[in-house]
Amino acid sequence: MNDLLFQYLLRLGDDSLILGQRLCEWCGHAPTIEVDLSLSNLALDLIGQATLFLGYAGEVESGGRDADALAFHRDAEDFRNCLLVEQPNGDFARTMARQFLFSSYQLALLDRLCSSADGRIAEIAAKAVKEVRYHADLAADWVVRLGDGTAESRGRMIEGLDDCWRFLDDLFAMDDGERALAAAGIAADKAALRPLVQGRVEQVLRQATLSMPGLPWQVTGGRTGRHSEHLSRLLAEMQVLPRAHPGARW
Amino acid sequence: MNDLLFQYLLRLGDDSLILGQRLCEWCGHAPTIEVDLSLSNLALDLIGQATLFLGYAGEVESGGRDADALAFHRDAEDFRNCLLVEQPNGDFARTMARQFLFSSYQLALLDRLCSSADGRIAEIAAKAVKEVRYHADLAADWVVRLGDGTAESRGRMIEGLDDCWRFLDDLFAMDDGERALAAAGIAADKAALRPLVQGRVEQVLRQATLSMPGLPWQVTGGRTGRHSEHLSRLLAEMQVLPRAHPGARW
Amino acid sequence: PALLAAFEARVANDEFIEPKDWMPEAYRRTLTRQISQHAHSEIVGMLPEGNWLTRAPSLKRKAILLAKIQDEGGHGLYLYCAAETLGTSREQMIEALHAGKAKYSTIFNYPTLNWADIGAIGWLVDGAAIMNQVPLQRTSYGPYARAMVRVCKEESFHQRQGYDLLLEMMKGTPEQRAMVQDAMNRWWWPSLMMFGPPDDNSPNSAQSIRWRIKRETNDELRQKFVDATVPQAELLGITVPDPDLQWNEERGHYDFGAIDWNEFYAVVRGEGPVARERMKARRAAWDEGAWVREAAAAWEARQAARRAAAA
Amino acid sequence: PALLAAFEARVANDEFIEPKDWMPEAYRRTLTRQISQHAHSEIVGMLPEGNWLTRAPSLKRKAILLAKIQDEGGHGLYLYCAAETLGTSREQMIEALHAGKAKYSTIFNYPTLNWADIGAIGWLVDGAAIMNQVPLQRTSYGPYARAMVRVCKEESFHQRQGYDLLLEMMKGTPEQRAMVQDAMNRWWWPSLMMFGPPDDNSPNSAQSIRWRIKRETNDELRQKFVDATVPQAELLGITVPDPDLQWNEERGHYDFGAIDWNEFYAVVRGEGPVARERMKARRAAWDEGAWVREAAAAWEARQAARRAAAA
C-alpha cells in the first residue's frame, strides 16, 4: 500500500509543481501588472501544494528523499503529472484555458480529498482547496471575458481550449493502484468526479458564449510517465542547478 | 605557457561550439529547405572545429578531460567564447548578421593561425579556414540580399546588425596571456586583424546599401567568463544529459 | 486508348516512364500524391529528431544526428523536385501540407521522449522506410526511381547508425538500458503501422502494383520488417512489446499481435499525439520565413534587371 | 504667488501635500518623473530576478523569489497609482518608458549570471534602494510618502532574505562560494552608481531637497551605503572589489575608489549591457498583451451596457 500511496502523492504533487513552474515563466511578461500578480499568486499556491504533497511522499517512501530531492532529481519518465499541466503556456488564452480545465478538475478532486481516510492528505487538501477555489474562479472569469470579449480574444480562446481538449482523458486516468486507494477511501474516484467537472466546464463555456468542443483522439500517459516532448525541456531548465551541483545546499 | 595555451584553445573551441549549438536550433525551422541545409552545414563545420580545438585543449591540460568533458561539464563562467556567438538567433536577419560578423572575424583569425608556431593549431586552422571562407561568403550574400531586398528585410537586417554591434570589442579582446602567445607566434594578434575585418565588413555593407552603425557602449567579458544571461540557458539545454547521467557513455 | 495501351505495355515491361512521356492522368495524380507525401515525410521527419539535436549527449553524436537530419532535408528536396516534374510546384505541395490536405507518414506524429528515441528512429523507422522504399528503386516513374536509389543508400547508413547508438547505450548504465527499452515500447507499434492499412482495407493497392508504383503489399512488407527486426531486438537484448509475438515454423515467419487500427486511423485523420505541434512548427517556419523568401526574390529580380540593362 | 508662498511654507513645515492641493507645475512635473521612474524600476526590476525564477534550486527558494518579485510588481502598481494622482495615466507613463523617454534605475541593465546574483540583488540593490527610500517616507507629497512606508518595510525584508541566501551559499561548496564572490564583483560598482551622479554634477538636487522630494544628497547616501555594507561583506567572508577601500578614522567613514562615470552615463543613455533585452521584454509583454486588455475592456463595456439596460 505504501508504494501505491507514494505514487498517488507524486501525481498530486507533480501536477502542482509542473503547473506552478509553467506559471513562473509568465513572471514579468503578463499583459498587465494585475495579471502578472495574479499569475504569481497561482504559482505560489501551486509550489506550496507541491512542497506539501512531495514532502509527504518522501516520508511515505522512507528512502531519505525530501520534497526537493523529488522535485529536482527525477527524470521526466519518473514524473507522474498529467499531460495538461506540462503543455507550454502559449498565449494568455491558452494559459487560461489550461488553468480553467486543470483548476476545475483540481477543485473537485481536493474537495473530495478533504475527507480522505488519510489524515495528512485530508489536511493538505483542506488548505489547498481554498486556494484552488480562487484559481478556478479566476480562470473561469478569464475564459468568459476572452470568450465573450473581442473577435480576436474569442478566436484565441477557442484555439486554446482546442489545444487542451486532447488531454482530458489523461487528466481523469486511474490505474488499478489508484482504484485500490479510492476503494480504501484514501484517493478520490476520478470517474465519479468527471461529470461534476464537465458540468462546471459546460456552464462556464455557456457563459462565455462558447460551445463544448467535441472529444478528439485522446493522448494519455502522464500518470505512467509517458509525457509529451515538453516535459523534459521544462525539467532541464528547472533542475539545472541541483543537477550541476549535486550535494550542494541552497 | 601550457595554461595560456589551454585558455587560448578554449576560446577558439568555445566560439565554434556555442555558435554551432545556436545554429542547431534552426534545424527544421528555416525559411526554406535550402537555407535549412546550409545552416546545418555551418553547424556541422563548427561542431567539428570545436571537437578538434577542445580535444587539443584537453591534451594540453593533461588532466584527463577530453573534448566532451570540456563541452558538457563546464559551467557558464568557465566558457571562454565571445559574447556575440551566444546571443539568441532572433529572426533570420539577426542570425545572418551575427554569422557575418563572426565568420568575417574567424576567417581573418584562422587565416593567420594557418602559420601558427604551434603545429597542431596550424593544422586545425588549415582545415577550418576553408570551411569558414564558405561561411563568410554565405553570410555576406545574405547580408546583401536582405539589406538590399525588400523594405522589411532591410529593416530587419539593420536591426540585426544593431543588436550585434555592442559585442565587437569583445570579439577582438585580448589579455596579457594571449598577447604573450601572439608574441611567441602561437596566437594571432587580434588588434592587427581588426582593420582587416572592418574593411571587409564595410565593403559588404556598402554592397548591401547599408551604412556602418556607430559604435555604441561596448559590452565585454566573454573571454574572461563574464557572459550574457543567454549562455547559462543554452548550456542548461546542451548539457542536460551528461549532467543528469554522470559517467554514462553515449 | 492507343497511348494508354502503349503506356501500360511499357510499364509491364519494367521500362521507366519519363517526365515528357505521355501518362494517364490518374497515374500522374497518384504519383504526385505519393511522391509529395514522401517528401513531406522527410521534412516533417526532421522535427522529432531535431527535438534532441540541441541535447545530443556528445559532440560526435551531435554531428552524426545533424548530418542525418540534413540528409533528410536533402531527400525532401529531391523528392519535391521529382514531384515537380509531374507538374505541381513545391509551393503548391507545401501549401497542401499546411492546409491539412496532403498527408505525411503517421510515424512523425509520435513524440521523441528520450535520447534512445533517436536510435530507435534510425533503427525502426528508417528500417521500415527502407522496406517500403527498396522496391521503389525499380518503380515505373524514372525520376522517382532514381531519387529512391540515393535515398535508400543513405537510409541504410542511418539505420546502422541508429542501431549502433542503441548498442552503445545497452552497454551503459541501467538508466540508459531502460531508455532503450522504453523507446522500443513506444516505437514498435507505430513502426508497424508505417506500412499502412492491412491489405483487405487498402483500396489503391491493386492499381498501384499494376503501375509499378508499388511493388509489394502492405502486409507483405510489414511481415518482412517484423522478420528482419525481431532478431536485431534480441541481439540488442531488449523485449519486443508484443506478448503474441512468436516464430511460426510452418509459415517460416513471425506471428505477431493485432495492431490498434483505431489509433492508426486517428493518426491518419491528423489527431496523432503531436500532430498539432508538428503542423504548427512547419507552418510557423514557412510563415515566419515568408519575408526572407520575398527579399531573396526581390533581390534576384533586381539583379536580373540590372544584368539586362547592362547587356 | 500667494499660492506658491503658502505651498512653500507648508512644505518647509513638513506638511504633506495632497492630490487636490495646489502645487507648482515644476513640482508636479518633477514628482511625476521621479515617481514614475521609481514605478518603472520596480516593473523592469522584475526581469533580472525573473530570469532565475524558473531555475531556483529549491522549492523554498523558488517560493521566496516568486513572492519577492510579486512584491515588486505590487510596488510598481501603487507607485503608478501615486503618480496618477498627479494627472498622468499609467498608460502614458508606460508608453513613455517604452519610447525610451522615461528612465528606470540603471542597475536593472546588468545581467543576472548565477544564482548568487539573486542574493546580491536583495542585499546590495534593495539595500541601496532602502537607503534612497527611507528618507522618502517623509517626502512632501502625501501619496508618495505613504507608498514609501509600505515599500520600505517590504524592501527591508527582501534585503534580509537576500543576505540570508548568500550566507547559506557561503556555507556550501567552493563553487557556491565562488558564485557569491563573482556576484559581488559584478554588482558592487553598479550598486554604488544607483545613488546617481556625484553631487557636483547633480543639477536638480538643490530644488528637490528644498521641496522635500529628496532629503539627502547622492554622495551622502552613497557614503551611508558603503559604511553599512562593508562590514556585512566582511561577515559574509567576501572581498569588496575595490583596492582603494579603507576605513578613514578621521572622517569616521570608509574611503572608496573612483566610480567609472563613463559607464554610468552610458547606462543612463540606454546602452547598458542588457538594456536592449530589458526594453524588448517589456515592450513585447505590453504589445503581445494588447488584445487581452482590449478584450477585457470590451467585455466590461458590454457588461456595463447590459446593467444599464436592465436598470
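Quick note: numbers below take in every heavy atom, side chains included, and nothing from hydrogens, waters or symmetry partners. Below, chains carry the letters A, B, ... as their sequence lines are ordered, and counting in each starts from 1.
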Flag the one option from [options] with the top tally of heavy-atom pairs under 4.5 Å to chain B.
options	value
A63(C), G289(C), S58(C), G73(C)	S58(C)
E294(C), K62(C), E175(C)	K62(C)
Q176(C), M46(C), E168(C), E288(C)	Q176(C)
E300(C), R302(C), Q303(C)	R302(C)

Looking at chain C, which one of [options] has the largest number of heavy-atom pairs inside 4.5 Å, strictly under?
options	value
A151(B), G247(B), A93(B)	A93(B)
L146(B), D148(B), T51(B)	D148(B)
L17(B), V35(B), V144(B), T32(B)	V144(B)
I33(B), N41(B), D91(B)	I33(B)

Shortest non-hydrogen separation from C27(B) to I69(C) and the atoms involved: SG-CG2, 3.4 Å
Carboxylate-amine/guanidinium proximity below 4.0 Å for E34(B) and R90(C): yes
Basic-acidic side-chain contact under 4.0 Å: D66(B), K60(C): no
Going by heavy atoms in the side chains, are [X] and [Y] under 4.5 Å from each other?
X	Y	result
W250(B)	M169(C)	yes
L66(C)	C24(B)	yes
H29(B)	R282(C)	no
E25(B)	L53(C)	no
T173(C)	R249(B)	no

Side chain, backbone, both or neither of [X] within contact of chain B (heavy atoms, under 4.5 Å):
X	value
M179(C)	side chain
A298(C)	side chain
I43(C)	side chain
L59(C)	both
A56(C)	backbone
R55(C)	both

OH (Y78(C)) with more than 12 external heavy atoms under 6.0 Å: yes
Over 12 foreign heavy atoms within 6.0 Å of NZ, K153(C): no
cation_pi(R145(B), W299(C)) dist<6.0 Å, angle<=45: yes
Donor + acceptor pair across side chains of T54(C), E237(B) (<3.5 Å): yes
Please classify the contact between [X] and chain C as side chain, backbone, both or neither, with a heavy-atom cut-off of under 4.5 Å.
X	result
W26(B)	neither
R156(B)	side chain
L44(B)	both
A30(B)	backbone
F72(B)	side chain

Q70(C) side-chain N/O to L37(B) backbone N/O, donor-acceptor pair under 3.5 Å: yes
Gap between atom OG1 of T150(B) and atom CZ of R293(C) - 0.5 Å precision: 12.5 Å
